Amino acid sequence: MAKRVAVVLAGCGVFDGSEIHEASAVLVHLSREGAQAEVYAPNIPQMHVVDHVKGQPTPEQRNVLVESARIARGNIKDLATLDVKGLDALIIPGGFGVAKNLSTWATQGKNCSVSEEVEGVLRAFHAAHKPIGLCCISPVLAAKIFPGCEVTVGHDTECEQWPYAKTAEAMRELGCRHVNSQVSEVHVDARNRLVSTSAFMCNAPIHHVHDGIGKMVREVLRLA
């Protein structure tokens, strides 16, 4: 039987939602591996809306579920309806929406809170020993919820290629073990059944990001 994988989105667009290329790569690789993706998003207002041309917030108000439906081609469910019993794995793509809509990492860093609904889903999969795939910034959710876990967001030394490397240090301060990796690599925390890859935490060609996400998806399915 095809593995059923929940994919949780955080809106539509890198600066205020899910990173579209990452979300698409997850869906493409799940399809290629014969898995069935079930897309979810929380039915909540976005923290704010960003004009992606100007890179600045606008006065608009948008809903995370409604915006995520753009990526899912309308085939999406309210995160409140997710039932871990019928699913084999969970994957959360990155994008600033993870740090703004699924948590408060964007404004509070290591002192952030994770949305109660999102935390409940992560804890349910973890308790059921079902694998969780995380890419780009989304490993911060695991770092906050599962102290002592192992994840990667790429490298821990800031440079032009790794502009968000300070994230690794903040995760370590939460008691998480950060493992440096290349964009095309993944890290598997076998004890916690977490699979992570850096994706657009790295200034890398898009096909390298796509390949790294493919490895993450395959590892998640292997563990499922």
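Keep in mind that this is a model prediction, so the values were computed, not measured. Residue numbers count from 1 along this sequence.
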After noting the C-alpha distance and the side-chain angles of L30 and L221, does the key distance pass the side chain to side chain contact (heavy atoms under 4.5 Å, CB included) rule? CA-CA 9 Å; L30 285 172; L221 292 176; 4.2 Å; yes
Can you list the steps and then say if H155 with Q182 is a side-chain hydrogen bond (donor to acceptor under 3.5 Å, both in side chains)? CA-CA 8 Å; H155 279 216; Q182 298 300 322; 3.3 Å; yes
Evaluate the criterion side chain to side chain contact (heavy atoms under 4.5 Å, CB included) for residue pair M171 and V140; output intermediate values, then yes/no. CA-CA 7 Å; M171 293 164 76; V140 302; 4.0 Å; yes
Go through the steps for V118 and S103 under the test side chain to side chain contact (heavy atoms under 4.5 Å, CB included), then give the verdict. CA-CA 8 Å; V118 173; S103 72; over 6 Å; no
Could you give me the CA-CA distance, side-chain angles and deciding distance for I137 and W105, then say whether side chain to side chain contact (heavy atoms under 4.5 Å, CB included) is met? CA-CA 9 Å; I137 191 66; W105 184 276; 4.2 Å; yes
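When the side chains of ILVMFWY residues are joined at heavy-atom separations under 4.5 Å, either directly or via intervening members, V220 and V209 end up in a single hydrophobic cluster. Criterion: ILVMFWY side-chain heavy atoms under 4.5 Å apart, direct or through other members. Under it, I92 and V186 are not part of a common hydrophobic cluster. Hydrophobic clustering (ILVMFWY, side-chain heavy atoms < 4.5 Å, transitive): L27 and I206 are in one cluster. A continuous path of hydrophobic side-chain contacts links V195 to F200 [ILVMFWY only; heavy atoms under 4.5 Å]. L65 and V49 fall into different hydrophobic clusters, where Ile, Leu, Val, Met, Phe, Trp and Tyr are joined by side-chain heavy atoms under 4.5 Å apart, directly or via other members.
With values rounded to the nearest 0.5 angstrom, L90 atom CG is found 13.0 Å from R193 atom CZ. Taken from CE in M1 to CD in Q36, the straight-line distance is 8.5 Å, to the nearest 0.5 Å. Of the inter-residue distances, the one linking L134 atom CG with T152 atom OG1 reads 11.5 Å to the nearest 0.5 angstrom. If you take CZ on R191 and CZ on F146, they are separated by 11.0 Å, rounding to the nearest 0.5 Å. With rounding to the nearest 0.5 angstrom, the OH atom of Y40 is 5.0 Å from the CG atom of L87. Between K3 atom NZ and L223 atom CG the span is 9.5 Å, to the nearest 0.5 Å.
Counting heavy atoms from C-beta on, the side chains of L82 and F125 come closer than 4.5 Å. Contact check for V153 versus S196: no side-chain heavy atoms found under the 4.5 Å cut-off. At a threshold of 4.5 Å between non-hydrogen side-chain atoms, the residues H29 and I91 do not count as touching. Counting heavy atoms from C-beta outward, I71 and V39 have side chains that stay 4.5 Å or more apart. Here the side chains of D156 and N180 are in contact, with some heavy-atom distance below 4.5 Å. Put simply, the side chain of P42 does not reach to within 4.5 Å of the side chain of N101, judged on heavy atoms. Using a 4.5 Å heavy-atom cutoff, the side chains of H21 and V14 are not in contact. The shortest side-chain heavy-atom distance between M201 and T167 falls under the 4.5 Å cut-off.
The nearest pair of heavy atoms linking E22 to P93 is OE1-C, 4.0 Å. Closest of all the heavy-atom pairs between S68 and I76 is CB-CD1, 3.5 Å. Minimum heavy-atom separation, L9 to L102: O-CD2, 4.2 Å. Among all heavy-atom pairs drawn from E219 and R222, the shortest one is OE1-NH2, 2.7 Å. Nearest heavy-atom pair, V7 versus A37, reported as atom, atom and distance to 0.1 Å: CG2-CB, 4.3 Å. Closest heavy-atom contact between A10 and G97: CB-C, 3.5 Å.
Judged by distance alone, the side chain of S24 and the main-chain N or O of I20 form a donor-acceptor pair under 3.5 Å. With hydrogens and angles disregarded, a donor-acceptor distance shorter than 3.5 Å links the side chain of D16 to the backbone of V50. Here the side chain of K130 pairs a donor or acceptor atom with the backbone of V84 at under 3.5 angstrom. For K144 (side chain) and K110 (main-chain N/O), a donor-acceptor pair under 3.5 Å exists by modelled atom type. Proximity of a side-chain donor or acceptor of N203 to a complementary backbone N or O of E160 within less than 3.5 Å is detected. Put simply, the side chain of T197 never gets that close to the backbone of I213: no donor and acceptor are under 3.5 Å apart.
Note: H52 and F15 have tilted aromatic rings, judged against thresholds of 30 and 60 degrees for the angle between ring planes.
Legend: salt bridge (charged side-chain N to carboxylate O under 4.0 Å, His left out) pairs involving residues 65-92, not counting sequence neighbours, sorted by first then second residue: E38-K77, R62-E67, E67-R70.
For R172, the CZ atom is densely surrounded, since the number of other residues' heavy atoms within 6.0 Å is greater than 12.
Aromatic ring centres of H178 and H187: separated by at least 6.0 Å.
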